[in-house]
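Step one of this worksheet: look at the structure below.
Keep in mind that the numbers below use all heavy atoms, side chains included, and drop hydrogens, waters and symmetry copies. Positions are given from 1 along the sequence.
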Amino acid sequence: MQPTNTTHPGYYHKVVDCQWACPAHTPVPEYIRLIAQGRYADAYMVNWVANVFPGVLGRTCDRPCEPACRRGRVEQSNGAHPEPVAICRLKRVAADHKADVRARMPVIAPPNGRRVACVGAGPSSLTVARDLAPLGYAVTVFDGEAQAGGFMRSQIPRFRLPESVIDEETGYILSMGVEFQGGQRVASLRDLLAQGYDAVFVGSGTPRGRDLDLPGRREIAENIHIGIDWLAGVSFGHITHIAPRVIVLGGGNTAMDCCRSARRLGGTDVQVIVRSGFDEMKASPWEKEDALHEGIPILNYHVPKSFVHDQGRLTGMTFEIVRAEYDAQGRRSLVPTGAPDVLVPCDVVLIAVGQENAFPWIEPDLGVAFDRWGLPQLTQGSFQSTLPQVFFGGDAAYGPKNIITAVAQGHEAAVSIDRFLRGEDVHQRPAPHTRLLSAKMGIHEWSYDNEVSHDARFKVPWAQAEQALADIRVEVELGFDAATAVKEASRCLNCDVQTVFDAHACIECDGCVDVCPMDCITFTANGEEADLRERLKAPARNLEQALLVSPPLKTGRVMVKDEDVCLHCGLCAERCPTGAWDMQIFRLTATHAGAARQAPQPYPCSREAA
């Protein structure tokens with residue numbers, strides 16, 4: 001193998017599993033260290049630079065960082081149940097415990113004479129506004145609702161996300177001089193362009209929920225609701241109660257929000273019914289757990305067949321019982337079991353089986369092309385449509401995802417809009433800013449706590465069930481207190497503190513090999529990667545994570561380190577008599593709009609004093 005090129009920004013970035021998995025590349029270990037130091041405002045700003053809505057995401061994020069967390073892999077390899085660090089809930093700690101951060105928001109540049117319209121006031125549009133307004137762009141955000149937030153406000157129940165959190169974090173953006181046109185639903189892209197906007201960003205989400213055209217559907221329409229529309233009615237106070245027997249169709253997060261909301265509005269017999277198996281449901285595992293915790297059963301492998309009614313009143317639904325079968329390629333088929341159809345009595349059905357894009361306001365002759373699924377045709381990575389001054393992002397771009405993905409796409413679209421309006425190639429993406437900073441404070445002292453905590457993951461406390469289920473606006477999760485947050489933060493393995501190896505200083509004493517608790521360092525003869533992975537002291541079989549391979553050493557051997565299970569404990573650097581190993585904090589800051597023309601926006605560092 002060739003020596004590893006650690007100067008490539010992607011190498012150490014991939015070692016920081018959580019940051020690599022986050023669509024917005026939030027520097028997770030850094031803000032967790034700041035929380036452990038009690039520097040909540042600093043931790044909040046580290047988040048805010050990357051993901052824009054730390055308070056919202058600290059309660060609702062889909063948490064792609066947590067399945068990637070090294071802690072889960074390490075504990076699993078030691079025989080325990082995988083328990084990643086509670087990254088998402090620690091983000092909430094920073095938001096809940098911070099001081100006033102308004103003075104730390106970006107300075108707004110003088111107007112540059114360019115106007116940008118954002119259609120929709122959800123997370124992607126607000127991210128575009130946040131990135132462009134400080135550069136001097138005049139940004140106007142249009143939304144059909146009176147308040148900003150998009151589906152964060154309309155579709156996430158208040159028992160998960162209090163309205164005050166949405167108000168605060170959308171307020172930071174609107175206070176940057178962004179003009180918000182609430183209650184102004186855009187009816188024509190042609191008319192919008194005629195108002196002289198230099199660019200338009202479409203972040204209107206997926207506003208249309210899928211329906212089920214089954215026998216009986218048309219006869220009893222008033223008792224059957226589309227899930228996202230029903231949630232919006234609940235959010236805005238138009239719906240305040242529901243009949244006792246409720247069926248929720250669907251296995252995604254929207255279905256989980258529907259069933260838990262129905263439970264709080266008077267539903268005493270609420271059931272979720274899904275055509276797939278429990279593990280195949282699209283809902284996040286913790287969303288399913290929360291529903292089950294509140295006594296809501298989930299019936300799997302039930303395929304809806306008809307709505308049953310009597311004299312115009314919905315009385316139930318029939319379902320076919322199926323089982324999953326897989327072919328040689330692993331493709332699943334749902335096969336009838338032959339069991340009799342099941343009748344499930346109900347008074348109301350909430351349909352949450354998916355969402356679709358809807359762009360009736362974009363005239364076909366304007367030049368914005370769509371594919372056969374109704375999604376805009378965008379150039380890869382730029383989010384630019386076939387009409388050059390029109391850009392898309394969030395659910396409107398590639399279909400329903402989640403808040404953190406919408407934020408990440410908003411950042412990328414803002415880069416493209418800025419480059420487009422400056423006459424630059426939108427396909428040229430600026431590289432991220434990276435740096436390495438030694439964590440050494442003394443001979444055997446580091447600027448981070450390198451002791452590995454053996455604590456199990458701490459549980460977030462909940463409100464009393466009687467109180468939470470009686471009022472849909474009572475927040476269920478109470479969040480960590482400061483003391484528990486420090487303990488949970490101590491479980492982080494500091495994966496951004498890299499083991500940097502200097503081959504010229506190495507005397508091949510093998511002291512680092514002896515002291516490594518994970519047996520991830522080996523000195524051996526070089527070879528092809530597949531062969532080398534098997535010859536290491538502990539075979540490195542996770543091909544997703546690279547090997548750190550040194551140049552040839554004095555004996556002709558190479559040092560090979562398996563990055564996959566390293567604890568970043570620093571024992572190798574402490575043992576090394578020549579300083580060939582050093583622990584260096586890796587910083588990667590994703591490049592946002594305008595960053596190529598200015599210094600990267602600084603964020604607080606746990607290595608530095610508060």
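Side chains of Gln355 and Thr254 form a contact here, defined as non-hydrogen atoms less than 4.5 Å apart. Side-chain contact check for Ser261 versus Ile472: some heavy-atom pair is nearer than 4.5 Å. Cys566 is listed as a side-chain neighbour of Thr499, based on a closest heavy-atom distance under 4.5 Å. Looking at heavy atoms from C-beta onward, Tyr11 lies out of side-chain contact with Asn5 at the 4.5 angstrom threshold. A heavy-atom distance below 4.5 Å is not found between the side chains of Met518 and Asp562. Between Gln155 and Ser235, every side-chain heavy-atom pair lies at or beyond the 4.5 Å cut-off. Side-chain atoms of Leu548 and Met559, non-hydrogen and from C-beta on, do get closer than 4.5 Å to each other. Inter-residue side-chain proximity for Trp462 and Glu477 is flagged as met; some heavy-atom pair is nearer than 4.5 Å.
The backbone N or O of Ala95 sits less than 3.5 Å from a side-chain atom of Lys98, completing a donor-acceptor pair. Of the possible donor and acceptor atoms, one in the side chain of Arg70 sits under 3.5 Å from a partner among the backbone N and O of Asp564. Between the side chain of Arg92 and the backbone N or O of Cys88 there is no donor-acceptor pair closer than 3.5 Å. Counting only distance, with no hydrogens or angles, the side chain of Thr170 and the backbone of Gly149 share no donor-acceptor pair below 3.5 Å. Glu488 places a side-chain N or O within donor-acceptor distance of the main-chain N or O of Phe458, the cut-off being under 3.5 Å. Arg104 contributes no side-chain N or O that, together with a main-chain N or O of Met45, makes up a donor-acceptor pair within less than 3.5 Å. With hydrogens and angles ignored, the 3.5 Å screen pairs no side-chain donor or acceptor of Thr434 with any backbone N or O of Leu588. Using a distance-only test at 3.5 Å, with no hydrogens or angles considered, a donor-acceptor pair links the side chain of Ser385 to the main chain of Val390. Side chain of Arg158 to main chain of Arg153: a donor-acceptor pair is present (N/O by atom type, distance under 3.5 Å, no hydrogens or angles). His433 places no side-chain N or O within 3.5 Å of a backbone atom of Thr589 that could act as its donor or acceptor partner.
Inspection of the Gln37 and Asp42 side chains reveals no N or O donor paired with an N or O acceptor under 3.5 Å. Defined by atom type and a distance below 3.5 Å, a donor-acceptor pair is missing between the side-chain atoms of Arg429 and Ser382.
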- Item | Derivation of the side chain to side chain donor-acceptor pair (under 3.5 Å) call for Asp198 and Tyr137 | CA-CA 10 Å; Asp198 298 290; Tyr137 290 96; over 6 Å; no
- Task: Run the numbers on Thr140 and Tyr197 for side chain to side chain contact (heavy atoms under 4.5 Å, CB included), then give the verdict.
- Result: CA-CA 9 Å; Thr140 303; Tyr197 289 102; 3.7 Å; yes
- Verify side chain to side chain contact (heavy atoms under 4.5 Å, CB included) between Gln147 and Ile166, making sure each step is shown before the conclusion. CA-CA 10 Å; Gln147 295 174 288; Ile166 307 172; over 6 Å; no
- Query: Can you list the steps and then say if Ile87 with Tyr31 is a side chain to side chain contact (heavy atoms under 4.5 Å, CB included)?
  - Reply: CA-CA 10 Å; Ile87 297 169; Tyr31 81 71; 3.2 Å; yes
- Query: Taking it one step at a time, do Gln384 and Phe391 satisfy side chain to side chain contact (heavy atoms under 4.5 Å, CB included)?
  - Reply: CA-CA 4 Å; Gln384 185 180 42; Phe391 300 78; 3.5 Å; yes
- Task: Show your working on salt bridge (Lys or Arg N to Asp or Glu O under 4.0 Å) between Asp290 and Arg260 and close with a plain yes or no.
- Result: CA-CA 9 Å; Asp290 290 348; Arg260 296 180 70 196; 3.7 Å; yes
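For Ala468 against Val474, the heavy-atom pair with the smallest separation is CA-CG1, 4.1 Å. Here the closest non-hydrogen pair linking Gly410 and Val128 is O-CG2, 3.4 Å. Taking every heavy atom of both residues into account, Arg59 and Pro162 meet most closely at NE-CD, 3.7 Å. Among all heavy-atom pairs drawn from Met152 and Ile156, the shortest one is O-CB, 3.7 Å. The two atoms that bring Ile521 and Cys572 nearest to each other are CD1-CB, 4.0 Å, heavy atoms only. Residues Pro9 and His13 share a closest heavy-atom pair of O-CB, 3.2 Å.
Atom CG of Asp395 is separated from atom NZ of Lys401 by 8.0 Å, given to the nearest 0.5 angstrom. To the nearest 0.5 Å, atoms CD1 (Ile585) and CD (Gln498) are separated by 10.5 Å. Within the model, atoms CG of Asp449 and SG of Cys492 stand 10.5 Å from one another, a figure rounded to the nearest 0.5 Å. With values rounded to the nearest 0.5 angstrom, Trp48 atom CH2 is found 9.5 Å from Tyr172 atom OH. The CG atom of Leu57 lies 9.5 Å from the CG atom of Asp62; values are rounded to the nearest 0.5 Å. Here CZ of Phe180 is found 11.5 Å from SG of Cys118. Values are rounded to the nearest 0.5 Å.
Taking a cutoff of 4.0 Å between a charged side-chain nitrogen and a carboxylate oxygen, Glu30 and Arg587 qualify as a salt bridge. Ionic pairing of Asp257 and Arg160 is present here: one or more N-O contacts between side-chain nitrogen and carboxylate oxygen are shorter than 4.0 angstrom. Look at Asp17 and Arg73 and you find a salt bridge, because one of the NZ, NE, NH1 or NH2 atoms lies within 4.0 Å of a carboxylate O, short of that distance.
With a 6.0 Å radius and a threshold of 12 heavy atoms from other residues, nucleotides or ligands, His427 has its NE2 atom above the threshold. Atom NZ of Lys282 sits in a sparse spot, with 12 or fewer heavy atoms from other residues, nucleotides or ligands closer than 6.0 Å.
The aromatic rings of Tyr40 and His97 sit tilted, their planes meeting at an angle between 30° and 60°. Ring geometry for Phe501 versus Trp581: interplanar angle of 30 to 60°, hence tilted.
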